[in-house]
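Each ligand, and each atom within it, is numbered from 1 in the order the structure gives. As the structure is a prediction and not an experimental result, all values here were calculated from the model.
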Amino acid sequence: MASIVDTDPSDWRYVSEGGATIVFSYHGPPNPEFDGTVLRLRKALVPSLKTVVKIKDGEVYKQQALDGEDEPDDPTIEYQTKCMAKLIPPEHLPRLETVKLDQEWLQRLAQLENLKRPEARREKDGIDVNRRKGVLATDLVGGNWLAAEIKPKWAFLPSPSHLSEETNSIKSQTCRFCMHNHLRKSNGDIIEMNYCPLDLFSGDETRITKAIHGLWDAWTESGGTVNNLKVFAKGKTLRPAETSLMLADGLDASSTTTEQIRDAFTSALRRTLIKTPVLGILSRLQRTLDVLDIEGLSKLWRTTERAAPLYRTTFESFFAQPDGTSPPPTTPLGVSSLFLSSPEPAIPDWVDFLNTYLSSFSSQLDHSKPEPKNLRYYLLAYLLSATFKDCSIIVRLDFLRPCIEPKIEVKPNTVTVIDLDPKSLDKLRGWEKLDKEIAGTYSLNTARKTCIDAFSSPT
Ligand SMILES: O=P(O)(O)O[C@@H]1[C@@H](OP(=O)(O)O)[C@H](OP(=O)(O)O)[C@H](O)[C@H](OP(=O)(O)O)[C@H]1OP(=O)(O)O
Ligand SMILES: Nc1ncnc2c1ncn2[C@@H]1O[C@H](COP(=O)(O)OP(=O)(O)OP(=O)(O)O)[C@@H](O)[C@H]1O
């Protein structure tokens, strides 16, 4: 296992971060172990960096709880090698490996690089200096190329089968991303966005162009702060004022308009996205794993709990009452109880699940009538779908030459999927609540959008 102390903290430069991790790229002296790699580190909340932190997916880590070799590898590594690699061709995944960390080293890195982070992030969290293991990954943005990172989000409209009367007409017409955006805009959290993921995933050139324009416009209008598009040139994150750095060497930036750069970027990205199978794979995975919608999953959870013998006996008095009385209480979605236990999935559970999902068993399921005996299948499927709804893709592009038809050569490593972390059952309650809030707020919107799912099956 490589050890980070073989490098100096000043060899690493801040690249970017998300809600749970922060990423640095290697710029030190030639070293076969670290050349062309990034270091992906978990974050901890401020100011409790030195106490118990809860950063993601219900994982709780205590300071000094585990030392050195005893700390498990970051779950993303096994999840990728044992699970994701069965669903996404390995050429579209970064190489990941464990690297040994050191507290003092991490503290020095934090001191050196913290000011490069966005202020809002700095106030909230920082490198978790108590971790003893991190992840080394292929640096997908740091070479002599342009990299466009897209977080596409939800690719499909839910099947109406399991939607309630109140949400059916809303959720079958407008996609989750557009509705969520409306909610965030109402809360003043985000700017208006014209980007709709259903355009990006449509496979249709005109719609993909519209989606890229939507991403670009949101990127410029937000000053580069929206998380659905990031652009890197030779490893440097570009701000919208720096679009001239997207141009190929030798081109005169002063005689090129931003409009021309936007068009050249759109054209190069669209041609690449059309040629890669990656968006199609993500779309198919998301929709075939989330077949019940959170509403159907929640219904199945309650039905299964109510059918448990202990539940029937415990709430006998409720069942003895005539119709119309209030039903007995149920446990929130995903929370195990005496009546229904569904532990957090570990890697062997995921491996079993994938074997089932990839077998003929799953194609024989009648999703319009999900059975309690298959609850665990539907739960894990939903979690896995959530990973694909939240991942990002990094697309490698040549520097732009506006007004010249780009030659697009899509090699296997041109498009790579990142941020494939497992999601936990602990999140289901929150997702159910958020879904209600999103649809509820959208139902009050008088100017509802119609999003077209190019692959929805007729109902
Ligand atoms: O719920 P969403 O769709 O807002 O997604 C969350 C993301 O927000 P986004 O909409 O992309 O701005 C959110 O992204 P940001 O932190 O806002 O960049 C996270 O990816 C979050 O996942 P996790 O809690 O880190 O596992 C994401 O939560 P999950 O829903 O994947 O749990
Ligand atoms: N292999 C890589 N090469 C280059 N940059 C990367 C790589 N992996 C991640 N990054 C950069 O670091 C950022 C954070 O990584 P990632 O999306 O995995 O974090 P996260 O905290 O899990 O995000 P989220 O909040 O979306 O769940 C990415 O948006 C990307 O810009």
Side-chain angles (χ1 to χ4, degrees), residues 12-26 36-43 54-59 74-76 79-80 92-97 117-118 120-121 124-125 127-128 134-143 145 147-154 175-181 183-184 187 189-190 193 195 197 218 222 224-232 234-238 286 290 294 334 382-396 413 416-435 437-438:
W12 297 87
R13 276 189 222 148
Y14 174 75
V15 176
S16 191
E17 64 193 284
T21 67
I22 175 162
V23 170
F24 300 87
S25 59
Y26 183 71
T37 67
V38 293
L39 175 63
R40 187 173 185 248
L41 299 172
R42 293 277 158 189
K43 301 204 287 188
K54 180 177 188 302
I55 192 76
K56 186 168 175 167
D57 294 351
E59 300 165 70
D74 190 295
T76 204
Y79 196 56
Q80 175 161 309
H92 297 297
L93 295 171
R95 197 173 51 86
L96 302 179
E97 67 180 80
R117 303 177 55 214
R121 299 273 196 194
K124 230 172 80 196
D125 52 36
I127 296 173
D128 184 351
V135 176
L136 270 189
T138 321
D139 183 355
L140 300 164
V141 305
W145 58 80
E149 178 182 336
I150 302 174
K151 191 178 194 184
K153 304 294 292 186
W154 296 40
C175 80
R176 200 274 195 174
F177 178 84
C178 291
M179 290 196 294
H180 194 189
N181 235 52
L183 171 69
R184 287 169 159 174
N187 294 339
D189 294 344
I190 200 164
M193 268 179 104
Y195 165 67
S222 70
T225 60
V226 286
N227 68 1
N228 302 96
L229 178 68
K230 293 180 189 170
V231 188
F232 302 86
K234 298 182 188 166
K236 175 184 157 37
T237 308
L238 296 189
Q286 285 189 24
D290 173 5
I294 194 81
Y382 194 88
L383 296 189
L384 191 51
S385 171
T387 291
F388 295 116
K389 290 163 180 165
D390 196 39
C391 69
S392 298
I393 58 170
I394 297 189
V395 183
R396 192 192 279 213
N413 65 355
T416 309
V417 187
I418 61 159
D419 196 8
L420 291 166
D421 286 329
K423 302 278 178 183
S424 78
L425 287 169
D426 195 37
K427 290 202 140 212
L428 284 165
R429 267 172 302 166
W431 286 334
E432 190 178 12
K433 188 164 163 265
L434 181 60
D435 176 71
E437 196 188 348
I438 289 175

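Within the listing of ligand 2, atoms 21 (O), 23 (O), 24 (P), 25 (O) sit less than 4.0 angstrom from a heavy atom of G19. Listed by atom number, the atoms of ligand 2 under 4.0 Å from V38 heavy atoms are 1 (N), 2 (C), 3 (N), 4 (C). Every atom of ligand 2 with a heavy atom of D390 under 4.0 Å away is listed here by number and element: 27 (O). Atom numbering of ligand 2 starts at 1 in the shown order; those under 4.0 Å from a heavy atom of G18 are 14 (C), 19 (O), 20 (P), 21 (O), 23 (O), 25 (O). Near D421, the atoms of ligand 2 lying under 4.0 angstrom from a non-hydrogen atom of the residue are 22 (O). Numbered from 1 in the order shown, with element, the atoms of ligand 2 that lie under 4.0 Å from a heavy atom of A20 read 21 (O). Heavy-atom proximity to G19, at under 4.0 Å, picks out these atoms of ligand 1: 16 (O). The ligand atoms of ligand 2 that sit less than 4.0 angstrom from a heavy atom of F232 are 31 (O). Atoms of ligand 2 found under 4.0 Å from any heavy atom of K151 (numbered from 1 in listed order, with element): 26 (O).
Residue contacts with ligand 1: F177 is excluded, as none of its non-hydrogen atoms falls under 4.0 Å. Not a single heavy atom of E17 sits closer than 4.0 Å to an atom of ligand 1. Within the 4.0 Å heavy-atom shell around ligand 1 one does not find K43.
At least one side-chain heavy atom of Y79 sits less than 4.5 Å from a side-chain heavy atom of T387. Residues W154 and C178 form no side-chain contact, since every pair of their non-hydrogen atoms from C-beta on lies 4.5 Å or further apart. Looking at E149 and I418, their side chains come closer than 4.5 Å, going by heavy atoms from C-beta outward.
Annotation: R184 places an N or O atom under 3.5 Å from an N or O atom of ligand 1; distance criterion only. Any N or O atom pair closer than 3.5 Å counts here, and K151 shares at least one such pair with ligand 1.
Crowding of R13 atom CZ: a count of heavy atoms from other residues, nucleotides or ligands under 6.0 Å not exceeding 12. Within 6.0 Å of NZ on K433 lie no more than 12 heavy atoms contributed by other residues, nucleotides or ligands.
In this structure, the salt bridge (Lys or Arg N to Asp or Glu O under 4.0 Å) partners of E97, at least two apart in sequence or on a different chain, are R95. Among residues two or more places apart in sequence or in another chain, the salt bridge (Lys or Arg N to Asp or Glu O under 4.0 Å) test is passed with D435 by K171.
Nearest residue to atom 2 (C) of ligand 2 from L420, T138, D139 is T138 (criterion: closest heavy atom). Of the candidates I418, D419, L140, the one placing a heavy atom closest to atom 4 (C) of ligand 2 is L140.
Tested against V38 for a side chain to side chain contact (heavy atoms under 4.5 Å, CB included), the candidates V141, D139, L136, L140 yield a single pass: D139.
With a heavy-atom cut-off of 4.0 Å, K43 does not touch ligand 2 at all. Neither the backbone nor the side chain of K389 has any atom closer than 4.0 Å to an atom of ligand 1 (non-hydrogen atoms only).
By the 6.0 Å and 45° rule, K389 stacks over the aromatic ring of Y382.
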